[in-house]
Amino acid sequence: MFNSLSGTITGKFPRQLFIDTHGIEWDVCVPDKCLEEFPPAGNQGKVYTYMNHYENGMDLYGFATLEERNLFLDLLKVDGIGPKAAVKIMSSVSVKELIQVLESGEVAVLEKIPGVGKKTAAKMMLSLKGKLTIPETETVRIPKNSPYSVVVNSLCDMGYERQLAEKIVSETVTNLSKADEFGKKTQTEKEDAVFRTALMEMAR
């Protein structure tokens, strides 16, 4: 069974990712919220997979993180939710948001998610409430309008995964900001310092 595929991202479309692994191009069904985490086409990427076999064929599902795949597998445990329904749900809400809703017991919010009605929402709450945890990796993000998003994009252009780049850049900014010298630099100098430091950290 496949655990993951690593290669060149060759296409990103709604709920669909193409990834080339040494001449074999895979067509992977990916929830829209997870698709946002992958680098642009032409860059190296890694997709965690789940293969679903059925009578007339098979489908390959993919996720940017293990946490996303674990949530997908947890959703499959809910009576009435199959792979396609799980993808539809995860395309509308992030891992963190869905877990927060489940943990807070907000059934009414669940019911508003496309693909989830009253019965399914009740089943999800019964099956999953108290059994999920918010992944730490989801809490570290660099907003798209952040001045350091340029650094993240540069690292992604070099082939690094976006989620890892965001995490390392965020930690680098926090650490460098503790030094008085860093605060005296121009924004361009700050970005250069963050880029060089983050690159060294990621290259380890």
Side-chain angles (χ1 to χ4, degrees), residues 1-77 81-96 98-99 115 132 135-142 144 148-172 195-196 198-204:
M1 184 62 67
F2 299 108
N3 177 59
S4 66
L5 296 172
S6 296
T8 303
I9 305 296
T10 53
K12 292 174 64 177
F13 307 94
R15 299 186 190 179
Q16 186 178 44
L17 177 78
F18 293 158
I19 181 169
D20 185 290
T21 58
H22 305 291
I24 299 176
E25 187 177 48
W26 301 84
D27 183 351
V28 188
C29 179
V30 178
D32 290 333
K33 289 290 185 180
C34 304
L35 191 67
E36 298 171 358
E37 303 296 326
F38 289 98
N43 291 279
Q44 294 296 304
K46 180 176 183 179
V47 54
Y48 293 95
T49 58
Y50 170 81
M51 183 170 286
N52 180 53
H53 294 263
Y54 51 96
E55 185 177 359
N56 297 319
M58 62 183 70
D59 293 319
L60 188 62
Y61 295 87
F63 310 89
T65 68
L66 287 172
E67 289 81 12
E68 291 169 352
R69 184 174 65 181
N70 288 340
L71 177 59
F72 173 82
L73 295 175
D74 285 329
L75 287 173
L76 295 185
K77 298 175 183 177
I81 296 182
K84 292 183 179 180
V87 167
K88 186 174 183 179
I89 292 171
M90 293 182 67
S91 290
S92 304
V93 61
S94 70
V95 172
K96 180 179 178 180
L98 182 55
I99 293 176
L132 304 175
E136 294 182 3
T137 53
E138 284 290 313
T139 63
V140 181
R141 299 299 303 272
I142 297 293
K144 292 182 179 180
Y148 298 105
S149 62
V150 175
V151 178
V152 172
N153 291 336
S154 296
L155 291 170
C156 290
D157 289 341
M158 296 177 67
Y160 291 104
E161 294 181 20
R162 178 167 293 277
Q163 188 173 39
L164 176 60
E166 289 181 339
K167 180 177 184 296
I168 296 299
V169 169
S170 178
E171 293 175 350
T172 300
F195 175 76
R196 286 186 284 104
L199 183 60
M200 287 189 292
E201 183 65 25
M202 298 181 75
R204 290 182 178 181

Check the pair Val47 / Ser4 against side chain to side chain contact (heavy atoms under 4.5 Å, CB included), numbers first and verdict last.
CA-CA 5 Å; Val47 54; Ser4 66; over 6 Å; no
Leu199/Met158 under side chain to side chain contact (heavy atoms under 4.5 Å, CB included): CA gap, chis, key distance, verdict:
CA-CA 10 Å; Leu199 183 60; Met158 296 177 67; 3.7 Å; yes
Go through it in stages, so that I can follow the logic: the residues are Leu5 and Tyr48, the test is side chain to side chain contact (heavy atoms under 4.5 Å, CB included), and I'd like the CA-CA distance, side-chain angles, deciding distance and then a yes or no.
CA-CA 7 Å; Leu5 296 172; Tyr48 293 95; over 6 Å; no
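Asn43 and Cys156 get closest at one heavy-atom pair: OD1-O, 3.0 Å. Contact between Thr49 and Arg69 at its shortest, heavy atoms only, is O-NH1, 2.9 Å. Closest non-hydrogen pair, Ala64 versus Cys34, comes out as CB-O, 3.9 Å. Nearest heavy-atom pair, Pro31 versus Gly62, reported as atom, atom and distance to 0.1 Å: CD-O, 3.6 Å.
Distance NZ/Lys96 to CD/Glu67: 13.0 Å, rounded to 0.5 Å. To the nearest 0.5 Å, atoms CE (Met200) and OG1 (Thr172) are separated by 9.0 Å. Atoms NZ and CG, from Lys77 and Asp74 in turn, are 4.5 Å apart once rounded to the nearest 0.5 Å. For the atom pair Ile89 CD1 and Leu75 CG, the distance stands at 5.5 Å (nearest 0.5 Å). In this structure, CG on Leu71 lies 9.5 Å from OG on Ser94, to the nearest 0.5 angstrom.
Side-chain N/O atoms of Thr8 and Gln44 include a donor and acceptor closer than 3.5 Å.
Taking 4.5 Å as the limit, some side-chain heavy atom of Glu37 sits within range of a side-chain heavy atom of Glu68. When side chains are defined from C-beta on, His53 counts as touching Met58, because their heavy atoms get closer than 4.5 Å. Using a 4.5 Å cut-off on side-chain heavy atoms (C-beta onward), Asn70 and Thr65 make no contact. Using a 4.5 Å cut-off on side-chain heavy atoms (C-beta onward), Asp59 and Tyr54 make contact. Looking only at side-chain heavy atoms (C-beta outward), Leu60 and Asn52 stay at 4.5 Å or farther from each other. Within the 4.5 Å cutoff, no side-chain heavy atoms of Pro40 are placed close to those of Ile9.
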Side-chain donor-acceptor pairs under 3.5 Å in residues 13-21, sequence neighbours left out?
from: Arg15; atom 1: NE; to: Ser91; atom 2: OG; distance (Å): 3.3
from: Gln16; atom 1: NE2; to: Asp27; atom 2: OD1; distance (Å): 3.1
from: Gln16; atom 1: NE2; to: Asp27; atom 2: OD2; distance (Å): 3.1
from: Asp20; atom 1: OD1; to: His22; atom 2: N; distance (Å): 3.4
from: Asp20; atom 1: OD1; to: Gly23; atom 2: N; distance (Å): 2.9
from: Thr21; atom 1: OG1; to: Ile24; atom 2: O; distance (Å): 3.4
from: Thr21; atom 1: OG1; to: Trp26; atom 2: NE1; distance (Å): 2.7

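A donor-acceptor pair under 3.5 Å links the side-chain atoms of Asn153 to the main chain of Ser149, judged by distance alone. The main-chain N or O of Glu166 is never found under 3.5 Å from a side-chain atom of Ser170 such that the two would form a donor-acceptor pair.
Heavy atoms of other residues, nucleotides or ligands lying less than 6.0 angstrom from NZ of Lys12 number more than 12.
Applying the ring pair (Phe, Tyr, Trp, His ring centres under 6.0 Å) criterion to Phe72, with sequence neighbours excluded, gives Tyr50, Tyr61, Phe63.
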